[in-house]
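These numbers come from a predicted model, not from an experiment. Counting begins at 1 with the first residue of the sequence.
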Amino acid sequence: MLSNQILHKPINDIHEIMGVDCSVWSMEGKCLAIAGMNEDRIKAGVDKFLKEGKDEQVCENEAFFLIRDNYDAVYVLALHEVVEQVAVIGRLCISQFQNLIHAYKERLDKNHFFQNLLLDNLLLVDIFNQAKKLGIEVERRRVVFLIEPKNETDNIVLETMKGLYATGSKDFVTSVDEGHIILIKALETTEGYKELNMIAKSIVDTLTMEAMVNMRVAYGTIVNQLRDVSKSYKEAGMALDVGRIFYEQKNVLAYNELGIGRLIHQLPVSLCDMFLQEVFDGKAVDQFDEETLSTVNQFFQNNLNISETARQLYVHRNTLVYRLEKIQKLTGLDVRVFDDALTFKIAMMVSNHLKFLQSRE
């Protein structure tokens, strides 16, 4: 049922607005939330009320009301130092508590529904029936954002995201594992991938500032049907995986902008092994030292410009040429030539992909 923290706020509100000391008790006679009264002074009256099995009881200086969830009794509301029209006040409070229970149960039902939807645990007919019951639009433009904190954190990221997107909107925030937060974002007809990129950057900036954690955010493609939300979720998950392997420096990753990294990620392992065997003639990729790899990566970033690369690495042009020729001796690929440079670049990406797969086994 409701947590003590959730019960505490309405109890304090009743105490401040009505000027009545009040408390909420479990059906076992345990005090769950209290404001303005001493727990020991009221407990005997609560125990007596529970034994008598009444729905409400107004005594000389105490009043008790049973809070139900549909037909099941779940809590007892106790009011101390009875004021005028206490029965009306108590019934109004009961109504608010029952509405709170209903809203909380609905939120839990939605959370369970979206979790099953994301994990493909629902039949198509169940998706339509449960969505109708929960008041969720079936036809609506949506996209899934997947937030991955880079360090282990508590619930602060989840709660911050709920505060940003899940309050009074058609968006929904949930999680299906400990390491990721999921935002199912409802979109207007005017919002496209440019706006999605801005939203993702805003999430990174806001959580970095408010939750004080570093993270990366990935998002899938826009879908128009509720049943396709799991597709966008899987795409966002793939974008995170591809980002870990090939785009480690990026903190925003879009599935539709992964380029060749997405293609390599979907290649079968046997084909990757065959390609590396062909390029490196059966030799291990580890034959290249770190200095050589950093040099060639800088060379690629500068569009195969030797002079600019030498300047940025603070080395003589001949030194750079020597390092590049060392790769040619080992592999037969002259990375100063575009075709060979492309082959070497893809081979290194394929190698990183295989290392990533091996690390997950």
Side-chain angles (χ1 to χ4, degrees), residues 1-116 121 130 133-135 153-160 162-163 166-167 172-178:
M1 296 303 295
L2 302 177
S3 68
N4 291 9
Q5 184 178 4
I6 294 174
L7 289 169
H8 198 69
K9 187 178 189 309
I11 285 296
N12 281 335
D13 290 343
I14 294 169
H15 176 63
E16 293 178 6
I17 295 171
M18 301 294 185
V20 179
D21 296 346
C22 52
S23 58
V24 171
W25 300 70
S26 70
M27 298 306 294
E28 292 75 34
K30 180 181 178 182
C31 185
L32 303 176
I34 190 167
M37 67 167 68
N38 186 293
E39 180 179 331
D40 296 332
R41 290 173 58 191
I42 199 77
K43 180 168 176 50
V46 172
D47 291 338
K48 182 181 178 183
F49 174 72
L50 287 170
K51 287 180 181 179
E52 293 178 354
K54 298 178 180 179
D55 271 15
E56 65 177 66
Q57 181 179 2
V58 179
C59 305
E60 183 178 348
N61 62 348
E62 296 172 346
F64 305 96
F65 302 86
L66 206 59
I67 302 173
R68 293 184 179 275
D69 177 13
N70 292 327
Y71 298 103
D72 299 327
V74 289
Y75 300 116
V76 173
L77 172 66
L79 303 179
H80 194 59
E81 296 180 1
V82 172
V83 296
E84 190 177 350
Q85 295 185 328
V86 67
V88 176
I89 293 173
R91 289 166 193 161
L92 284 171
C93 294
I94 295 304
S95 175
Q96 293 304 308
F97 274 107
Q98 289 174 341
N99 289 336
L100 184 62
I101 291 171
H102 177 73
Y104 187 73
K105 284 179 66 178
E106 183 179 272
R107 194 185 80 173
L108 288 180
D109 288 343
K110 282 188 176 181
N111 189 61
H112 189 255
F113 169 75
F114 276 115
Q115 287 178 340
N116 283 324
N121 290 337
Q130 292 188 35
K133 178 183 176 182
L134 295 170
T153 61
D154 53 13
N155 289 332
I156 187 170
V157 175
L158 179 61
E159 295 306 317
T160 303
K162 285 183 177 179
T167 305
F172 197 82
V173 176
T174 186
S175 62
V176 294
D177 57 50
E178 294 182 356

With Leu100, which residues qualify under side chain to side chain contact (heavy atoms under 4.5 Å, CB included), at least two apart?
Leu2, Ile6, Pro10

Only counting residues at least two apart or in another chain, list the ones meeting side chain to side chain contact (heavy atoms under 4.5 Å, CB included) with Ala44.
none

Please say whether more than 12 non-hydrogen atoms of neighbouring residues, nucleotides or ligands are located less than 6.0 Å from CZ in Arg68.
yes

Would one find more than 12 heavy atoms of other residues, nucleotides or ligands at under 6.0 Å from atom NE2 of His15?
yes

In Å and rounded to the nearest 0.5 Å, what is the [atom1] to [atom2] distance from [X] to [Y]?
X: Ile14; Y: Leu79; atom1: CD1; atom2: CG; value: 7.0 Å
X: Phe113; Y: Thr174; atom1: CZ; atom2: OG1; value: 12.0 Å
X: Asn12; Y: His8; atom1: CG; atom2: NE2; value: 4.0 Å
X: Asp72; Y: Met27; atom1: CG; atom2: CE; value: 10.0 Å
X: Asn111; Y: Asn116; atom1: CG; atom2: CG; value: 9.5 Å
X: Trp25; Y: Glu39; atom1: CH2; atom2: CD; value: 4.5 Å

Say whether, by atom type as modelled, one donor and one acceptor occur between the side chain of Gln115 and the main chain of Ser175 under 3.5 angstrom.
yes

Checking the side chain of Lys54 only, and the main-chain atoms of Leu66 only, is there a donor and an acceptor separated by less than 3.5 Å?
no

So Asp21 and Ile42, do their side chains get closer than 4.5 Å, heavy atoms only?
no

Any heavy-atom pair between the side chains of Leu92 and Gln96 that's under 4.5 Å?
no

For [X] against [Y], the heavy-atom pair lying closest together:
X: Ile11; Y: Ser23; value: CD1-C, 3.9 Å
X: Leu50; Y: Ser26; value: CD1-O, 4.1 Å
X: Leu77; Y: Gly90; value: CD2-O, 4.2 Å
X: Ala87; Y: Glu56; value: CB-OE2, 4.4 Å

Name the residue from Phe65, Tyr75, Phe64 that meets the ring-ring contact (aromatic ring centres under 6.0 Å, His included) definition with Phe49.
Phe64

Looking at residues at least two apart in the chain, or sitting in another chain, which of them share a side chain to side chain donor-acceptor pair (under 3.5 Å) with Ser95?
none

Can you tell whether the side chains of Asp47 and Lys51 come within less than 4.0 Å, N to carboxylate O?
no

